[in-house]
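One structure below.
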Amino acid sequence: LKMKHPMVTAVLVVLVQVSQSFPALYHRGWWRLLKEGDSCGKCDLALCSEPKDCPAGTVLDRCGCCPECGNVEGQICDLDQGNHFYGQCGDNLECRLDADEARFGEVPEPQCVCKSQESICGPEGKTYENICQFNKAYATKRNISMKHKGPCESAPVISMPPQDVQNFTGNDVIFGCEVSAYPMPHLEWKKKGNKMFLPGDDTHISVQVK
């Protein structure tokens with residue numbers, strides 16, 4: 001048999017090698033794709049593999065049949081919904097071009113961007129940048145809901161206290177202080193030697209907040 005049909009034996013070996021690496025990489029219905037080739041036949045959900053550990057949820061494959069992991073925030077994606085080269089963005093994400101890259105002369109690449117940039121307060125009291133980061137953190141946990149929209153309330157924490165500064169008479173002196181909290185804390189500066197609190201009416205002293 002091998003002498004009469006050498007090409008058949010070679011093809012069978014290639015198919016076995018592909019079947020070992022293909023499903024683990026793309027989590028797709030690889031038996032269905034192997035059977036149909038590049039064409040999309042009748043959708044048979046029994047031939048679909050169930051994707052696991054999808055931080056951005058699932059999307060349908062190029063044939064609109066089997067679920068597969070959606071691309072996460074910051075991952076390259078297909079700007080055209082008809083293409084399936086890089087993949088489609090997951091839940092609460094959309095594919096956009098980075099305008100800043102084009103402004104600096106670089107070739108922009110489409111990336112998945114979270115539709116909402118509003119902060120989210122998690123159930124453990126941690127603030128997440130947006131709903132996409134929150135979903136990514138709790139992708140493997142079920143029935144977990146956000147505490148509320150917006151940052152979590154937190155007590156003021158001085159991350160960078162003022163430092164001693166040496167200077168010459170007549171020169172300007174700048175003191176810095178960095179405090180993190182929500183809602184925004186109210187800071188007061190006090191000058192030693194008198195009861196003057198800053199900001200005040202002295203035109204030579206100014207307090208700036210950012």
Side-chain angles (χ1 to χ4, degrees), residues 1-99 101-102 107-120 122-124 126 128-147 149:
L1 177 62
K2 292 183 179 180
M3 294 179 61
K4 293 181 180 180
H5 304 283
M7 294 300 294
V8 174
T9 303
V11 172
L12 289 176
V13 172
V14 172
L15 289 178
V16 171
Q17 292 176 348
V18 172
S19 66
Q20 291 176 349
S21 59
F22 186 77
L25 179 61
Y26 289 101
H27 299 290
R28 296 185 178 185
W30 61 284
W31 275 117
R32 180 178 59 80
L33 295 177
L34 186 63
K35 178 181 177 180
E36 300 172 1
D38 293 333
S39 62
C40 293
K42 183 179 179 180
C43 179
D44 187 353
L45 296 178
L47 297 178
C48 296
S49 59
E50 183 179 356
K52 298 180 180 179
D53 300 330
C54 298
T58 59
V59 296
L60 294 180
D61 63 6
R62 66 180 186 85
C63 295
C65 178
C66 296
E68 60 183 10
C69 287
N71 291 3
V72 299
E73 188 176 17
Q75 189 173 353
I76 300 177
C77 52
D78 293 313
L79 195 61
D80 185 355
Q81 294 291 332
N83 293 333
H84 285 78
F85 185 78
Y86 294 111
Q88 302 297 320
C89 299
D91 298 337
N92 300 303
L93 293 156
E94 60 182 355
C95 196
R96 296 181 191 172
L97 288 174
D98 191 342
E101 291 184 357
V107 179
E109 290 184 335
Q111 295 182 356
C112 294
V113 180
C114 196
K115 295 179 181 179
S116 174
Q117 294 301 320
E118 184 180 7
S119 300
I120 296 295
E124 81 288 16
K126 178 181 178 181
Y128 294 88
E129 185 177 351
N130 51 48
I131 185 64
C132 301
Q133 294 296 322
F134 173 80
N135 290 338
K136 183 179 179 180
Y138 289 96
T140 58
K141 300 179 182 179
R142 298 181 179 179
N143 300 324
I144 299 295
S145 57
M146 70 179 74
K147 193 172 183 179
K149 292 184 178 180

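We use all heavy atoms of the structure for the numbers below, so side chains are in, but hydrogens, waters and symmetry mates are not.
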I'd like a table of donor-acceptor pairs (distance under 3.5 Å, sequence neighbours excluded) in which one partner is a side-chain atom from residues 113-120, with atom names and distances.
{"unit_1": "Ser116", "atom_1": "OG", "unit_2": "Glu118", "atom_2": "N", "d": "3.4"}
{"unit_1": "Gln117", "atom_1": "NE2", "unit_2": "Cys114", "atom_2": "O", "d": "3.0"}

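Heavy atoms from other residues, nucleotides or ligands lying under 6.0 Å from OH of Tyr86 number 12 at most. Residue-environment remark: CG (Asp80) exceeds the threshold of 12 foreign heavy atoms within 6.0 Å.
Minimum interatomic distance between Gly122 and Phe134 (heavy atoms only, all atoms of both residues): CA-CE1, 3.9 Å. Looking at every heavy atom in both residues, Asp78 comes nearest to Gly87 through OD2-N, 2.8 Å. When every heavy atom of Leu93 is checked against every heavy atom of Cys89, the shortest pair comes out as CB-CB, 3.7 Å.
The CD1 atom of Ile131 sits 8.0 Å away from the NZ atom of Lys149 when rounded to the nearest 0.5 Å. Note that the CG atom of Asn92 and the SG atom of Cys112 stand 12.0 Å from one another [nearest 0.5 Å]. Between the NE2 atom of His84 and the CG atom of Leu60 there is a distance of 8.0 Å, given to the nearest 0.5 Å. Atom-to-atom distance recorded for Glu68:CD and Asp61:CG is 5.5 Å, nearest 0.5 angstrom.
Between Cys63 and Cys40, the sulfur-to-sulfur (SG-SG) separation falls under 2.5 Å.
Every residue meeting the side chain to side chain donor-acceptor pair (under 3.5 Å) condition with Tyr128, not counting sequence neighbours, appears here in chain and number order: Glu124. Shown here are the side chain to side chain contact (heavy atoms under 4.5 Å, CB included) partners of Pro110, two or more places apart in sequence or in another chain: Cys77, Leu79, Cys95, Leu97. In terms of the side chain to side chain contact (heavy atoms under 4.5 Å, CB included) criterion, residue partners of Cys54 (sequence neighbours excluded) are, by chain and number, Pro51, Thr58, Cys69. A search for salt bridge (Lys or Arg N to Asp or Glu O under 4.0 Å) contacts involving Glu94 returns Arg96, not counting sequence neighbours. Partners of Glu73 according to the side chain to side chain donor-acceptor pair (under 3.5 Å) rule, which considers only residues two or more places apart in sequence or in another chain, are Asn130, Gln133.
Residues Tyr138 and Ser145 form no side-chain contact, since every pair of their non-hydrogen atoms from C-beta on lies 4.5 Å or further apart. Between Cys65 and Cys48 the shortest side-chain heavy-atom distance falls below 4.5 Å.
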